[in-house]
Number of protein chains: 2
Amino acid sequence: MNCLDEARPLGAHAGCSHHVAGEDCRLCLVRPLSVCAALEPAEWASIEKMSTDVRFEERATIVHESDDVIALFTITAGVVRLVRTLHDGRRQLTGFALPGDFLGLSLERTWTFSIEAITPVTVCRFGRAALMEYVDQKPHFLMRLHEMATHELSLAQDHMVLLGRLTAEEKLAAFLLEIRRRWARIEGHASHHIPLPMGRQDIADYLGLTIETVSRTINQMQRAHQLVIVPDGVRLLNIDYFEQLCP
Amino acid sequence: MNCLDEARPLGAHAGCSHHVAGEDCRLCLVRPLSVCAALEPAEWASIEKMSTDVRFEERATIVHESDDVIALFTITAGVVRLVRTLHDGRRQLTGFALPGDFLGLSLERTWTFSIEAITPVTVCRFGRAALMEYVDQKPHFLMRLHEMATHELSLAQDHMVLLGRLTAEEKLAAFLLEIRRRWARIEGHASHHIPLPMGRQDIADYLGLTIETVSRTINQMQRAHQLVIVPDGVRLLNIDYFEQLCP
DNA sequence: GACTCGCATTGATACAGATCAAACCATACG
DNA sequence: CGTATGGTTTGATCTGTATCAATGCGAGTC
C-alpha cells in the first residue's frame, strides 16, 4: 500500500496528505502542459470528479517498483525521479518528472519503476478504474495518451544514445539543455538560469556516471567559464558551448 | 522517397519489390504475434485491403531517419535494425525488429530512426493515411497500439539500465537472453541455440560497446565453457550462468 | 587454386571514468 | 556556540573498456 491507494484513510500515511477540496480544472496551472490539454472546457467537470490533490514530502516514495497501479497522476508542483534499482544497489534513473508530466501512461497493472519525491510534490490523482472507463468513452483522450507515450518513447531513444555513445562532458551538456528546455516549457520562456532540484547523485544515476565524475565535469565547465554554479542550480554563460557538445 | 513510398511504381526501386498478390491474413504466420492480434477474423478483410507485401534485400535501408512516415509495417520475415546516427558517425542501435514486430507505433509525421535490413526482409505494409482512418474507427485497435507502445517504453527503460549500469559481460548475457526469449516467442519454444543474424558491430552498437569488446567477451564465455560459437550464432551451454549475470 | 573482400579475432597500449579516501561546507540542532 | 550530518568537491590511483594495429578466416570470384 502506498500514498496513492484509494482505500487509504485520509491522512493515515506518513509523507503525504490529501487536499480533497480545492481542485478546480479552471484554475489548474499545468493543464495546458498536461494530458488534460486534450479535453474541452465542457469535459473538465467530468475529469474533476475523478481527481484528488495529494501532497508528498521531500524524499517520500510515491510508488514503489512493482506496486500495483491503483492510481495515476499528473505532477502539479515539485519534481520527482523515476528509479530502477538493481539487486546489488546500482541505480538507473529513467527520468525526472516536472509539473505537467503525467505518470501512468502505460495503463498496465504494475509499475515498472519507483517514483520518489525530490522536492515537496503535489499531484492530481486519478483512480485507475475510473480513468480506464473514461478512456473507453473518449477515444480522443486515448489518442492523447498514445501520443504522449510515443513521444516518451522517442525521448527514451534519445537517452539510449546519450547513455551508450556520449562522453561525460557531452552527457552533462545534453542534460543541462534538456532541463533548461523543460523549465522553459513550464515557465513560458527560456532562461540561462537552470534550477537543479536533484542532487549530484541523481544526475549521475540519470547519466550513467558516478557522482565524482558529475561533480568534476560541472566544475571543469565552471573553470572554463561556460557556466556558474549557483545555490539552486547553474547559470549558463555560453549556450553555444553546450549546443556544440550535442552531436 | 524510399521503398515504402505509396506513389512509387512497382519494382522501380533497387533493393525491394512488391508482391501485391498473395497477402491473406488467414495464412499470416506472424498475425498472432503482431498488432493484428487485436482484430477479429471478421475484420481481417478490411485490414487486408490496406496492406501490401514488400520485400527488401539484405542491407537495404527501409526508412531513413527523419523521412516522412508514408507507410507503417509489420515485419513478416527477416530481421532489421533500428539505428540512430550522430553527426560524427557514432551509432546507437535502439533495437532489432524480428518477425511480428510492428514499426510505426508512433503515428507521428517523421521517423526518428533509420530502419535497415540485416537479412532479406518481408514486410506487410500499411499506408499511413488508411491506417490512421482505421484507428479512428476502431478504438480497440488504438488501444492495442497503445499497449504495444507502452510495452516498448518499458523495454526501452530496461535498455537504459543496461546501457547505464551493466558491465560488458552483463550486457552480453542480457542481450543473448533477450534474443533467445524473442526467438522463443516466434518459434513457440525456447532453444539453447540462438541465431544471431546481426554482426558483431551491430551488437556493439546496441550494447554501447566496441566490436572488439563484444568479440573478446563472447570468446571469453566460450573459453569458460558457458557457450559455443556456431556459424549462425551461439549455443548456450549453461543458462544459469547467463541468468545470474542479469541483476 | 589464388586473390579479394568483409568481417571477426587477438594482442599491445592508452585513457576516460571508476574507485578509494579525505577534506570541505552548508544546514540543522542540542 | 560547537558539533553532528548529508551532500559536494578534490586528490591519488586503479581498471575496464577503448583504441590502434595486425592477423585470421570463410565466402565469393576469376
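Throughout, a chain's letter reflects where its sequence line sits, starting with A, and its residues are numbered from 1. Just the heavy atoms: all of them, side chains too, but no hydrogens, waters or symmetry mates, feed the values below. As the structure is a prediction and not an experimental result, all values here were calculated from the model.
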Partner set under salt bridge (charged side-chain N to carboxylate O under 4.0 Å, His left out) for [X], not counting sequence neighbours:
X       : value
E152(A) : none
D205(A) : R91(A), R165(B)
R90(B)  : E170(A), D88(B)

Of all of residues 78-97 of chain A, which get a heavy atom below 4.0 angstrom from DNA chain D, listed by number? none
In whole angstroms, how far is the [atom2] atom of [N] from the [atom1] atom of [X]?
X       : N       : atom1 : atom2 : answer
D232(B) : dA8(C)  : CG    : P     : 13 Å
I118(A) : dG7(D)  : CD1   : P     : 13 Å
R59(B)  : dC5(C)  : CZ    : P     : 14 Å
R165(A) : dT17(D) : CZ    : C1'   : 11 Å
E170(A) : dA16(C) : CD    : C1'   : 12 Å
Q222(A) : dT8(D)  : CD    : P     : 15 Å
L166(A) : dA16(C) : CG    : P     : 16 Å
L172(A) : dA16(C) : CG    : P     : 16 Å

Kindly determine whether I62(B) and V121(B) satisfy side-chain contact (heavy atoms from CB on, under 4.5 Å), including the steps that lead there. CA-CA 10 Å; I62(B) 298 174; V121(B) 164; 4.2 Å; yes
Do any pairs count as a side-chain hydrogen bond (donor to acceptor under 3.5 Å, both in side chains) and have a residue in residues 187-199 of chain A, sequence neighbours left out, and if so which ones? H193(A)-D232(A)
Please collect all side-chain hydrogen bond (donor to acceptor under 3.5 Å, both in side chains) contacts where either partner lies in residues 237-247 of chain B, sequence neighbours excluded, each pair once.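 Qualifying pairs: E169(B)-Y241(B), Q226(B)-N238(B).
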Of residues 192-206 of chain B, the positions that come close to DNA chain C - non-hydrogen atoms, cut-off under 4.0 Å: G199(B), R200(B), Q201(B)
Strand contacts (DNA chain C) in residues 207-218 of chain A, 4.0 angstrom heavy-atom criterion: G208(A), L209(A), T210(A), E212(A), T213(A), R216(A)
Just to verify, what does [X] make a side chain to side chain donor-acceptor pair (under 3.5 Å) with, not counting sequence neighbours?
X       : answer
E178(A) : R182(A), Y206(A)
S106(B) : none
T76(A)  : none

OP1 or OP2 of dT10(C) under 4.0 Å from side-chain N/O of N219(B):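 Yes, within the criterion.
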Salt bridge (Lys or Arg N to Asp or Glu O under 4.0 Å): pairs with one or both residues in residues 77-87 of chain A, sequence neighbours excluded: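 Every pair satisfying salt bridge (Lys or Arg N to Asp or Glu O under 4.0 Å) with a residue in residues 77-87 of chain A: R81(A)-E116(A), R81(A)-D202(A), R84(A)-D158(B).
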Audit row: V214(B), T210(B), side-chain contact (heavy atoms from CB on, under 4.5 Å) steps and yes/no: CA-CA 6 Å; V214(B) 169; T210(B) 59; over 6 Å; no
